[in-house]
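Here is the structure we will look at.
Throughout, a chain's letter reflects where its sequence line sits, starting with A, and its residues are numbered from 1.
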2 protein chains.
Amino acid sequence: MERLPKRQRHQELSRLLEENPFLTDRELTRLLKVSIQTIRLDRLELAIPELRERLKLMAERSHDSVRSLPLHEVIGDIVDLQLDKSGISLFEMNEEHVFSRSGIARGHHVFAQANSLAVAVINDEIALTASADIRFVRPVKLGEKCIAKAYVRSSGGQKAKVEVFTYVGEEMVFQGNFVIYRSAAESKT
Amino acid sequence: MERLPKRQRHQELSRLLEENPFLTDRELTRLLKVSIQTIRLDRLELAIPELRERLKLMAERSHDSVRSLPLHEVIGDIVDLQLDKSGISLFEMNEEHVFSRSGIARGHHVFAQANSLAVAVINDEIALTASADIRFVRPVKLGEKCIAKAYVRSSGGQKAKVEVFTYVGEEMVFQGNFVIYRSAAESKT
DNA sequence: CTCTTTTTGGTACCTGGTAATAAAGGCTAC
DNA sequence: GTAGCCTTTATTACCAGGTACCAAAAAGAG
């Protein structure tokens, strides 16, 4: 058995669910052409919860409105969030985000998604961006779906370091290192 | 059997679910002290969907809402522009730009003003942010007027370096070094 | 050609329901 | 009284979308 197919399938599975978290295992068997048991093993390996749990998580996030994310002001759609650890958000570039001339996204929209995620992932009353070092790897074009992944690298004390990578499909389009100030109170994790 | 208890129960049921839509029928039997069948008949009468449907609806709403936000073409009013030299823009923070909790502006709005200006100041068909190194010196609060000043430090070749300082009054609140890609030499096409 | 990993298949069980049907409780009308 | 009616409760069958586990087949790797 080639090592690739499995990893490719895992990537594909993650991508599909990031794009559309409403897919059941049965629908995934159709999309990936493997048995339902394989899908379930894959989800297990990738630590992706079942459909109902995913929906519940989404519902909870939108319901709470407490926590560090007033959802309406967040750029992008946060589909996974492990406070103080990591997070994933989706954002699709459409007309209002791009230069009309070239169809290329304005940098600050790409930044906004990454920044929103970096702030959201910090489990604190108040979290503010202190500084950032960012790189636009390749232009993002109209219609492209950006998947931003944030990883908290260090969160001791008042400053947390968060690394964010933004992808379009497999391709990295943006990378940023954020330093986030936190209100200091509840750091325990 | 009193006619009232039923209507009262219906009201109570609606109230409970509005307050906490995550309640299962079983939990409701405990709260209302009737059988689970009664709860289900009540939900039927009141046209309240089952728990899973409620969660799904909430998840769907949170999924396709967020995408849009008031980030239009250029952030800030450009009041002075000397192409390839310098520029100034103004931007006032209001409710939609700040964390409702703290009244502090979200970093990406401050960044967006600076980024817009850095791109605008470059005299070329196409100008894109390649990378940036930014620092939020102090938080910007609701109602504050930000004055961003951009200076082109070097513009030879395909990359231009632009330095942006943002002030509220005399106070510097943000500073960034941008590297901007330009489509070619300024004299071309 | 073995040995291990991966994939598939199947069963039992769980949650939070729907749907249908029957039975019991309570109240009114005659 | 008791018949009629609504409300409530109980029972059973069924479903979706899983989990958990076991066994066997398929596919590589050595």
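C:dG17 atom C1' lies 15 Å from atom CG of B:L23, rounded to whole Å. Between the CG atom of A:L51 and the P atom of C:dT15 there is a distance of 18 Å, given to the nearest Å. Rounded to a whole Å, the CD atom of B:E50 is 9 Å from the P atom of C:dA19. Atom CZ in B:R43 sits about 9 Å away from atom C1' in C:dG16, given to the nearest Å. Rounded to whole Å, atom C1' of D:dG18 lies 15 Å from atom CG of B:L55. For the pair B:L41 CG and C:dG25 C1', the interatomic distance rounds to 15 Å; values are reported in whole Å.
Using a 4.0 Å heavy-atom distance criterion, A:R40 is classed as a base contact. In this structure, A:I36 reaches neither bases nor backbone, as no heavy-atom distance under 4.0 Å exists between it and the strands shown. Counting non-hydrogen atoms under 4.0 angstrom, B:Q37 reaches a base of the nucleic acid. Using a 4.0 Å heavy-atom distance criterion, B:R54 is classed as making no nucleic acid contact.
When the side-chain nitrogen and oxygen atoms of B:R26 are compared with OP1 and OP2 of C:dG17, none of them lie within a distance under 4.0 Å. For the OP1/OP2 pair of D:dT9 and a distance below 4.0 Å, the side-chain nitrogens and oxygens of B:T38 include at least one atom meeting the criterion. At least one side-chain nitrogen or oxygen of A:R9 sits closer than 4.0 Å to the OP1 or OP2 atom of C:dT7.
Side-chain atoms of A:Q175 do not come within 3.5 Å of backbone N or O of A:F136 as any donor-acceptor pair. Between the side chain of A:H109 and the backbone N or O of A:H97, at least one donor-acceptor pair lies under 3.5 Å.
Nearer the 5' end of DNA chain D, as judged by each residue's closest nucleotide, is the contact made by B:V34, out of B:R52 and B:V34.
A salt bridge links A:R138 to A:E171: at least one charged side-chain nitrogen sits closer than 4.0 Å to a carboxylate oxygen.
Ring geometry for B:F111 against B:F178 counts as tilted: the plane angle lies between 30° and 60°, on a 0 to 90° scale.
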